[in-house]
Protein chains: 2
Amino acid sequence: MLDRNHRANQRERGQLAKTAFMRALSPNALARLLDGAHITSLPARATIFREGEPALAFYALLSGYVRLYRVSRDGRQADIRICGPGDIFAECLIYGGDTYRFHAQAAENVSLARFDMQDVRELAEQDPTVSKAIMATLSDHLLSTMDCVVNDRLHTAPQRVADYLLTRCPSDNGPASIRLPYQKSLLAGMLGLAPEALSRAFSSLRRTGVTVRGRVIQIGDVEALKEI
Amino acid sequence: MLDRNHRANQRERGQLAKTAFMRALSPNALARLLDGAHITSLPARATIFREGEPALAFYALLSGYVRLYRVSRDGRQADIRICGPGDIFAECLIYGGDTYRFHAQAAENVSLARFDMQDVRELAEQDPTVSKAIMATLSDHLLSTMDCVVNDRLHTAPQRVADYLLTRCPSDNGPASIRLPYQKSLLAGMLGLAPEALSRAFSSLRRTGVTVRGRVIQIGDVEALKEI
DNA sequence: GGCCCGATTTGACGTCGATCAAACCGGGCC
DNA sequence: GGCCCGGTTTGATCGACGTCAAATCGGGCC
């Protein structure tokens, strides 16, 4: 694959304009933001940035998944967030400090848009729809990170998995089927589990009517899952 | 104690103006914000708001400590954040939803200022120093909540306690002494531990030169703590 | 359709921290 | 200074999850 690194073309601009972050921007702000976007493709496992590097840009994900994580002194890793298509990340540094506070790594082939923080700071200064979008995104991330803390502290592995399945479940009751959009090891990291623990959690959910075959998960009875 | 609930007087306005959130506001925005502040005193253990209630206001803490927490179906509680004097909380709902997502409870006698969300939304619309302050506060809370997730996932109880002590340690090396500003059970909740586990963590730090007497903690050698 | 390699599962084990109960302490009060 | 009570510590036990190693699976590729 050739190394792509270019300004956003029409298709990419359209894709970006539909994200939660940009949907509510004024036409003028949106255009200026997109004019500054740089598109890059990266292969699986590529590093996007490292903890401690100067934070010059934040990113929007067009396709693929990205892992935000930190590494302990003894080399163990803990995921902070998994980003999917349409997500933006490292936006907490627009007004939150000048170095990245975690590593960002492509979990698979990804395509992403890069935005200069300083440019966006100036844009936010001039256009309130930009600051509103930033505030909404920050609030959203803060709330879901709080959820993450509570989940870790309150729920066991099977409960966290059941929770996860319920949040992606289209229907409210009866049987359902879900296809994981990524590897199970990535899901394990999201839930703060070792891959083995995720596997065991799935197998303990068998008695509740959950069947796993590869990336496809069958739920016998959604109501029953809520009881876990 | 008589139930106080009044508009901010001169002393309280001065106190609020010094908080991280309000320090950088334009004089006009600051004045308008303070004009809308309502001061309340509450006794220890009082509920400030409950999860699920309509989120009409956010708060700034003048004195005392406040616990933000959620309760699981079986009644166990998990703290999300402990707020101290000068902190603001529930600001994530200014642009993040219309019901509170957790409970807020006074951990001891507190005095706090209440701000109407809708008023502040309008203020932010008109004055960019307000939205900047909100973004900075949200970023800050997001980053520290991410730290919390990582700490929970990567560190053992003694490591979390050592971390905590180091963040409040005035000096970088040699001996030091710290007085906890609140009960140990509150600290335990902050760190995601049962009180018993905190106690055991302290006693396991004795071999690293940490001595505990009531709320006073003596650190023999700060450098040594960093090695934990 | 079969092969192959990396991802996942399973098994065995150790450690950490939650829980319950009982002993202890310290700080506010008289 | 002594008393009391809520907060803290200690002890014993247990369940949950991490880790390492080995077996197995599944999905992409020819």
Side-chain angles (χ1 to χ4, degrees), chain A residues 43-45 65 67 71-72 74-79 107-109 149-163 179-206 210-218 228, chain B residues 43-45 65 67 71-72 74-79 107-109 149-164 179-207 210-218 228:
Chain A
R45 292 164 192 278
Y65 287 85
R67 225 162 62 84
V71 180
S72 70
D74 56 350
R76 276 156 48 242
Q77 306 187 348
D79 287 357
E108 47 185 85
N109 291 357
V149 172
V150 170
N151 263 309
D152 280 14
R153 294 185 173 179
L154 239 30
H155 299 326
T156 65
Q159 288 174 322
R160 284 181 238 177
V161 174
D163 247 43
R179 163 170 263 273
L180 297 178
Y182 30 63
Q183 300 187 154
K184 283 193 199 107
S185 51
L186 196 63
L187 174 58
M190 278 179 68
L191 301 177
L193 297 172
E196 297 93 325
L198 175 63
S199 177
R200 282 186 242 270
F202 271 127
S203 81
S204 92
L205 288 178
R206 266 201 296 256
V210 174
T211 321
V212 179
R213 270 190 66 87
R215 285 189 180 182
V216 177
I217 300 172
Q218 303 278 352
I228 294 289
Chain B
R45 293 167 190 278
Y65 288 84
R67 227 161 61 83
V71 180
S72 70
D74 56 349
R76 278 156 47 243
Q77 306 188 348
D79 287 359
E108 48 184 83
N109 292 357
V149 172
V150 170
N151 264 309
D152 279 14
R153 293 185 173 179
L154 239 30
H155 299 327
T156 65
Q159 288 174 322
R160 286 182 235 176
V161 175
D163 247 44
Y164 172 86
R179 162 170 263 273
L180 297 179
Y182 31 62
Q183 299 187 157
K184 282 192 199 111
S185 50
L186 196 63
L187 175 58
M190 279 179 68
L191 301 177
L193 297 172
E196 298 93 323
L198 174 64
S199 178
R200 281 185 242 273
F202 271 128
S203 82
S204 92
L205 288 177
R206 265 202 296 256
R207 75 197 57 180
V210 174
T211 320
V212 179
R213 270 190 65 87
R215 285 189 181 183
V216 177
I217 300 172
Q218 304 277 352
I228 294 290

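FYI, side chains are in, hydrogens and waters are out, and symmetry mates aren't considered; it's all heavy atoms of this structure. Naming convention: chains lettered A, B, ... in sequence-line order (proteins, then strands); numbering from 1 in each chain. Remember, predicted model here, so these are calculated numbers, not experimental data.
- Atom-to-atom, NZ of Lys184(A) to P of dG26(D) comes out at 8 Å; the value is rounded to the nearest Å.
- For dT19(C), one of the phosphate oxygens OP1 or OP2 lies less than 4.0 angstrom from a side-chain nitrogen or oxygen of Arg76(B).
- The nearest heavy atom of DNA chain D to Gln183(B) and to Ser203(B) marks one nucleotide each, and the one closer to the 5' end goes with Gln183(B).
- By the 4.5 Å heavy-atom criterion applied to side chains, Leu198(B) and Tyr164(B) are not counted as neighbours.
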Problem set entry | CA sep, side-chain torsions, deciding dist, call: Arg160(B), Asp152(B), salt bridge (charged side-chain N to carboxylate O under 4.0 Å, His left out) | CA-CA 8 Å; Arg160(B) 286 182 235 176; Asp152(B) 279 14; 3.7 Å; yes
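- In this structure, Asp152(B) atom CG and dG17(C) atom C1' are separated by 12 Å, rounded to whole Å.
- Between Arg206(B) and Val212(B) there is no side-chain heavy-atom pair separated by less than 4.5 Å.
- Atoms CZ (Arg215(B)) and C1' (dG28(C)) sit 13 Å apart, rounded to a whole Å.
- One interatomic measurement links the two molecules: CD of Gln159(A) to P of dA16(D), which rounds to 10 Å at whole-angstrom precision.
- Arg153(A) comes within 4.0 angstrom of no nucleic acid atom, judged by non-hydrogen atoms across all strands.
- For Arg200(A) against dT19(D), a side-chain-to-base donor-acceptor contact under 3.5 Å is present.
- Between Leu180(B) atom CG and dG27(C) atom C1' the separation is 15 Å, expressed in whole Å.
- Across the protein-nucleic acid pair, Glu196(A) atom CD and dA22(D) atom C1' stand 12 Å apart, rounded to whole Å.
- Looking at the side chain of Val212(B), the nearest of the listed nucleotides dT9(D), dG26(D), dT10(C) is dT9(D).
- For dT8(C), one of the phosphate oxygens OP1 or OP2 lies less than 4.0 angstrom from a side-chain nitrogen or oxygen of Ser185(A).
- Atom-to-atom, CZ of Phe202(A) to P of dT8(C) comes out at 10 Å; the value is rounded to the nearest Å.
- As rounded to whole Å, 13 Å separates atom C1' of dA18(C) from atom CG of Leu154(A).
- Residue Leu198(A) is classed as having no contact, given no heavy-atom separation below 4.0 Å to the nucleic acid.
- The side-chain heavy atoms of Arg215(A) and Gln183(A), taken from C-beta on, include a pair separated by under 4.5 Å.
- Residues Ala197(A) and Ala197(B) each lie close to DNA chain D; by heavy-atom proximity, the contact nearer the 5' end of the strand is made by Ala197(B).
- Of all heavy-atom pairs spanning Ala44(A) and Ala107(A), the tightest one is CB-O, 4.3 Å.
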